[in-house]
Amino acid sequence: MNRRAFLKGTLAAGFLAAAGTPLLSSCSGVKRSDLPASEEPARGVDEESARILRYASLAPSGHNSQPWFIKVVGKGEWIIGGDPRRRLPAVDPDNRELLLSLGAFAENLSLAASAAGYDAAMEVIAKSPHDEEVVRVNLNMAAPGKYPLERLTLRRTVKNGFLSREIASEDLKVLSEPHEGRLFYYPRGTDHARCIQEGTVESYRDQTYRDDAQKELANWIRFSNGEARKHRDGLTTEGMEITGFSGWVVRQFMDQGDVMGERFRKQGLDFAAKWADEGAGWIVITSGGSSVADLIETGRRFERTALLARERNLALHPMTQVLEEERGRREIASNHGKDVIPQFVVRVGYVDHYPAPVSLRRTVASFVRT
Ligand SMILES: Cc1cc2nc3c(=O)[nH]c(=O)nc-3n(C[C@H](O)[C@H](O)[C@H](O)COP(=O)(O)O)c2cc1C
């Protein structure tokens with residue numbers, strides 16, 4: 001056995017077991033704050049528009065694939081599209097999550113435009129979930145809004161450190177406001193919460209041992225700092241919350257091939273089971289239909305809630321495998337009416353220390369098309 005293989009075998013054996021426990025705080029992976037503050041100018045958009053689009057791109061997306069592009073049609077006239085090269089066909093064959101992510105992007109765009117003194121009028125133009133051009137946007141001058149844009153820069157997905165304290169009713173009221181009865185909270189310990197927890201872990205197992213899904217995940221993991229800086233998307237060690245010495249080991253010694261191995265799958269599954277057992281319970285966000293417009297609108301609602309969570313010290317962790325795997329989908333369909341369609345399954349919980357956002361974003365220039 002050569003030295004590299006030995007180190008990989010012995011050190012990485014416990015890499016996930018220590019995830020979230022920084023052993024050496026000085027060695028860290030690339031974080032958002034490590035990227036250059038100034039970017040190359042984007043062709044076809046002025047500085048103000050680039051700023052708005054930068055805020056839009058802080059939206060969450062499955063595997064951090066950032067599946068959006070912007071087509072510039074004219075001044076203040078854009079089309080938000082779904083980039084087919086950034087689809088996740090193995091876990092999202094119908095583009096359901098891609099469209100939810102575009103909805104979150106549209107919401108951020110609208111809030112940032114409003115703060116800059118524009119009303120962003122949006123019209124869904126896609127007829128099918130696979131159409132590339134999805135939402136037409138027209139920016140019209142308006143009185144500047146007062147929405148605090150730090151909410152967009154500070155929002156993040158959190159996985160570790162959830163407390164089991166139930167969500168306070170005033171916090172739940174605030175989180176529910178954007179949803180008009182389409183957000184449901186299942187507190188920890190209730191039958192429904194246990195059912196979601198079990199379904200999540202079972203579906204995670206199904207997905208982990210589905211080779212096409214695992215291969216797709218491997219393609220979006222950026223193990224080394226070099227890959228993270230090059231792509232500025234996907235799942236980095238910091239984003240996966242594998243920090244300190246464990247993060248260093250993973251960055252130095254692991255590669256995409258390891259994701260297909262038994263050890264990686266087993267440790268990922270153990271982690272999912274641990275996470276699913278922590279927190280204040282589950283939030284399920286539903287829609288009344290499955291059209292492109294329904295999914296964009298649901299993504300927008302999700303983002304509005306996600307933006308409100310941090311200042312209440314509430315961490316959100318979407319765990320969507322139950323909506324992606326056959327068994328989970330069958331179970332859900334048998335228990336819900338046709339007009340109550342779960343679109344997000346999100347673990348929720350208070351945290352003592354809210355971490356800074358770390359997931360990377362591509363430059364605006366890289367997703368603007370003229
Ligand atoms: C539609 C959708 C599905 C997601 N599903 C999962 C999931 O199953 N597990 C997970 O850990 N994160 C999930 N996420 C969170 C993304 O991984 C996260 O948004 C992305 O890595 C960027 O990180 P950030 O939210 O901290 O900016 C999902 C996000 C969206 C929008």
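Every number for a ligand or one of its atoms is a count from 1 in the order of the listing. We're numbering straight along the sequence, starting at 1.
In terms of protein heavy-atom proximity, atom 23 (O) of ligand 1 is nearest to Ser359 OG, 3.2 Å. Closest to atom 16 (C) of ligand 1 among all protein heavy atoms lies Ser61 O, 3.2 Å. Of the protein's non-hydrogen atoms, the one nearest atom 30 (C) of ligand 1 is Gly62 N, 3.7 Å. Among protein heavy atoms, the minimum distance from atom 11 (O) of ligand 1 is reached at His317 NE2, 2.9 Å. Remark: minimum distance from atom 19 (O) of ligand 1 to any protein heavy atom is reached at Pro60 CB, 3.1 Å. Of all protein heavy atoms, the one closest to atom 21 (O) of ligand 1 is Asn64 CB, 3.4 Å.
Backbone and side-chain nitrogen or oxygen atoms of Arg155 are examined, and one is located within less than 3.5 angstrom of a nitrogen or oxygen of ligand 1. Polar contact with ligand 1: present for Pro318 (N/O pair, distance under 3.5 Å). Residue Glu97 has no nitrogen or oxygen atom sitting less than 3.5 Å from a nitrogen or oxygen atom of ligand 1, judged on distance alone. When only interatomic distances are considered, the shortest N/O to N/O separation between Thr157 and ligand 1 falls below 3.5 Å.
No side-chain donor-acceptor contact under 3.5 Å links Asp206 and Ser203. Side-chain contact of Thr370 with Arg43: a donor-acceptor pair under 3.5 Å is absent, judged by distance alone. Looking at Glu324 and Tyr204, their side chains never bring a donor and an acceptor atom within 3.5 Å of each other.
The closest approach between Phe344 and ligand 1 falls below 4.0 Å for a heavy atom of the residue. For Ala104, the heavy-atom gap to ligand 1 stays at 4.0 angstrom or more. Ligand 1 does not have Glu324 within reach: every non-hydrogen atom of the residue lies 4.0 Å or more from it. Heavy-atom separations between Arg32 and ligand 1 include at least one value shorter than 4.0 Å.
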For Asp191 and Arg194, run salt bridge (charged side-chain N to carboxylate O under 4.0 Å, His left out): C-alpha distance rounded to whole Å, both residues' side-chain angles, the deciding distance at 0.1 Å, then the answer.
-> CA-CA 5 Å; Asp191 283 351; Arg194 263 194 295 273; 2.9 Å; yes
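With Leu316, Leu102, Thr320, Thr200 as candidates, the residue nearest to atom 8 (O) of ligand 1 on a non-hydrogen basis is Thr320.
At a 4.0 Å heavy-atom cut-off, ligand 1 touches Arg156 through backbone and side chain alike. Residue-level proximity to ligand 1 for Leu235 is carried by the side chain, the only part with a heavy atom below 4.0 angstrom. Residue Arg361 touches ligand 1 through its side chain alone, judged by heavy-atom distances below 4.0 Å.
Of all atoms in ligand 1, numbered sequentially from 1 with element shown, those under 4.0 Å from a heavy atom of Lys159 are 11 (O). If you number the atoms of ligand 1 from 1 as listed, the ones under 4.0 Å from a heavy atom of Ser101 come out as 31 (C). Of all atoms in ligand 1, listed by their number and element, those nearer than 4.0 Å to a heavy atom of Met319 are 8 (O). Residue Gln321 has at least one heavy-atom neighbour below 4.0 Å for each of these atoms of ligand 1: 8 (O).
In this structure, Arg210 pairs ionically with Glu325, as a charged nitrogen and a carboxylate oxygen lie closer than 4.0 Å. Salt bridge annotation for Arg229-Asp34: absent, with no cationic side-chain nitrogen under 4.0 angstrom from a carboxylate oxygen. Using a 4.0 Å cut-off between charged nitrogen and carboxylate oxygen, Arg85 and Asp83 count as a salt-bridge pair. For Glu297 and Arg301, the salt-bridge test passes: some basic side-chain N is under 4.0 Å from an acidic carboxylate O. Between Glu150 and Arg310 there is no salt bridge, since no side-chain N of the basic residue sits under 4.0 Å from a carboxylate O of the acidic one.
Taking both residues in full, the closest heavy atoms of Asn160 and Val158 are given as O-CG1, 3.6 Å, listed atom of the first, atom of the second, then distance.
Here Ile167 pairs with Asp171, Leu172, Tyr185, Ala280, Leu314, Val348, Tyr350 under the side-chain contact (heavy atoms from CB on, under 4.5 Å) rule; sequence neighbours left out.
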Can you give me every donor-acceptor pair (side chain of residues 355-364, partner residue at least two apart or in another chain, under 3.5 Å) with its distance?
residue : atom : partner : partner atom : Å
Ser359  : OG   : Arg32   : NH2          : 3.0
Ser359  : OG   : Arg361  : NH1          : 2.8
Arg361  : NE   : Ser57   : O            : 2.6
Arg361  : NH1  : Asn64   : OD1          : 3.3
Arg361  : NH2  : Leu58   : O            : 3.1
Arg361  : NH2  : Ala59   : O            : 3.0
Arg362  : NH2  : Gln66   : O            : 2.8
Arg362  : NH2  : Trp68   : O            : 3.2
Thr363  : OG1  : Glu40   : OE2          : 3.4
Thr363  : OG1  : Ser366  : N            : 3.2

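Aromatic ring orientation, His317 versus Trp275: perpendicular (interplanar angle above 60°, classes split at 30° and 60°).
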